[in-house]
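Structure, as structure tokens:
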Amino acid sequence: KLMNIEASLATRIIAQNDAIHQLAAVLRSSYVQLGRRKKPLASFLFLGPTGTGKTETAKALAELFFQSEKAMIRFDMSAFQTKQDIAHLIGEAESNQPGLLTSAIRDNPYGVLLLDELEKAHKDLLNIFLTVLDEGYFTDSMGHRVDCKNLIIVATSNAGSELIYRQLQKPGTSSQMLQTELISYLVNNHIYTPEFLNRFDGVVTYKTL
């Protein structure tokens, strides 16, 4: 599977060769380090406009590594924009509710966790995912650890889409130049912190089709 990632993904993901190659390189590196790292199997931030194949890639990864798209747990992060919404994800001690994310991962510990439109989530929620990306777990409202080490985590974001449009209009813009400009934009506009971006194994940019 690791030898043929590019060929497998290319059957479903159209005109995103640079993104696929970057993704494959990170997956191979991550899987080689299994047993020596505390992190999830792999973690990615997919950047790019709507309709470029970010979510489809997450589905393809679930199919490739876990034999079914049903192995993908999907959360629309635009539904968690306030501090109160965080309790819906990780649980609420007062009501003894485990939380949507907590329950989903415990029920499906092997698969792809898709965090759609991450930029719309409350900033405090990103701090929870700092621990997940770095240590491979988070602590729920009851004080219990939720193991995320057997997940491929994919966060998607439309932030900076206009910048991608503009940069691609300029002749000679390479994929590396585009990604560097995009990351600088995200940091300078306080959308994501460098600390958060550096936690991902790969930050992958999807070009406008």
Would you list the pairs meeting ring pair (Phe, Tyr, Trp, His ring centres under 6.0 Å) in which at least one residue belongs to residues 106-151, sequence neighbours left out?
none
Asn198 side-chain N/O to Glu195 backbone N/O, donor-acceptor pair under 3.5 Å:
no
Considering residues at least two apart in sequence or located in another chain, which fulfil the side-chain contact (heavy atoms from CB on, under 4.5 Å) criterion with Lys39?
Arg37, Asp134, Asp201
Mind listing the closest non-hydrogen atom pair of Val187 and Pro194 along with its distance?
CG1-CG, 3.8 Å
Taking Leu64 as the starting point, is it possible to reach Val32 by hopping between hydrophobic residues whose side chains are less than 4.5 Å apart?
no
side-chain contact (heavy atoms from CB on, under 4.5 Å) for Phe44 and Ile152? Distances and angles first, verdict last.
CA-CA 8 Å; Phe44 297 96; Ile152 295 175; 4.3 Å; yes
Do the side chains of Val204 and Ile14 join up, straight or via other hydrophobic residues, at under 4.5 Å, putting them in one cluster?
no
Can you tell me if Tyr185 uses its side chain to pair, donor with acceptor, with the backbone of Ala159 under 3.5 Å?
no
Quick check on side chain to side chain contact (heavy atoms under 4.5 Å, CB included): which of Val112, Leu41, Ile105 does Leu151 satisfy it with?
Ile105
Lys1 NZ: over 12 foreign heavy atoms closer than 6.0 Å
yes
Worked verdict on His88 versus Asp85 for side-chain contact (heavy atoms from CB on, under 4.5 Å):
CA-CA 5 Å; His88 296 154; Asp85 294 329; 3.8 Å; yes
Expected output: side-chain Asp76 to main-chain Ser78 donor-acceptor under 3.5 Å:
yes
Residues that Thr208 engages under side-chain contact (heavy atoms from CB on, under 4.5 Å), provided they are two or more places apart:
Pro49, Ile164, Tyr165, Leu168
Does Val26 offer a backbone N or O that forms a donor-acceptor pair with the side chain of Ser29 under 3.5 Å?
no
Note, Val154 side chain near Thr57 side chain (heavy atom, < 4.5 Å):
no
Short question: side chain of Thr156, backbone of Glu117 - any donor-acceptor pair under 3.5 Å?
yes
Mind listing the closest non-hydrogen atom pair of Gly51 and Leu209 along with its distance?
O-CD1, 3.4 Å
Without swapping roles, check the side chain of Gln22 against the backbone of Val203 for a donor-acceptor pair under 3.5 Å.
yes
So, taking the atom named CZ in Arg74 and the one named OG1 in Thr55, what distance separates them when rounded to the nearest 0.5 Å?
4.5 Å
Within this structure, what is the CG-OH distance for the pair Leu23 and Tyr206, rounded to the nearest 0.5 Å?
5.5 Å
Contacts of Phe80 meeting ring pair (Phe, Tyr, Trp, His ring centres under 6.0 Å) (sequence neighbours excluded), chain-then-number -> none
Qualifying residues under ring pair (Phe, Tyr, Trp, His ring centres under 6.0 Å), relative to Phe200, sequence neighbours excluded:
Phe196
Identify the heavy atoms of Leu130 and Arg199 that sit nearest to each other, and give their distance.
CD2-CG, 3.6 Å
At what distance, to the nearest 0.5 angstrom, does CG of Asn17 lie from CG of Leu9?
11.0 Å
If you compare all heavy atoms of Asp18 against all heavy atoms of Lys207, which two are closest, and at what distance to 0.1 Å?
OD2-NZ, 3.2 Å
Intermediate values then yes/no, side-chain contact (heavy atoms from CB on, under 4.5 Å), Leu186 and Leu47
CA-CA 10 Å; Leu186 296 175; Leu47 301 171; 3.7 Å; yes
When rounded to the nearest 0.5 angstrom, what is the spacing between CE in Met77 and CG in Leu118?
6.0 Å
Is a donor on one side and an acceptor on the other found under 3.5 Å between the side chain of Gln16 and the backbone of Thr52?
yes
For Ser30 and Ala42 the tightest heavy-atom approach is OG-CB, 3.9 Å
Donor-acceptor contact present, side-chain Glu69 to main-chain Ala62, <3.5 Å
no
Inspect the surroundings of NZ in Lys123 and state if more than 12 heavy atoms from other residues, nucleotides or ligands are less than 6.0 Å away.
yes
Report the distance from atom NZ of Lys59 to atom OG of Ser68, rounding to the nearest 0.5 Å.
12.0 Å
Using every non-hydrogen atom in the two residues, find where Leu114 and Ala58 come nearest and quote the distance to one decimal.
CD1-CB, 4.0 Å
Here the gap from Met72 atom CE to Leu61 atom CG, rounded to the nearest 0.5 Å, amounts to 10.0 Å
Please, which pairs that meet ring pair (Phe, Tyr, Trp, His ring centres under 6.0 Å) have at least one residue in residues 11-34, sequence neighbours excluded?
Tyr31-Phe65
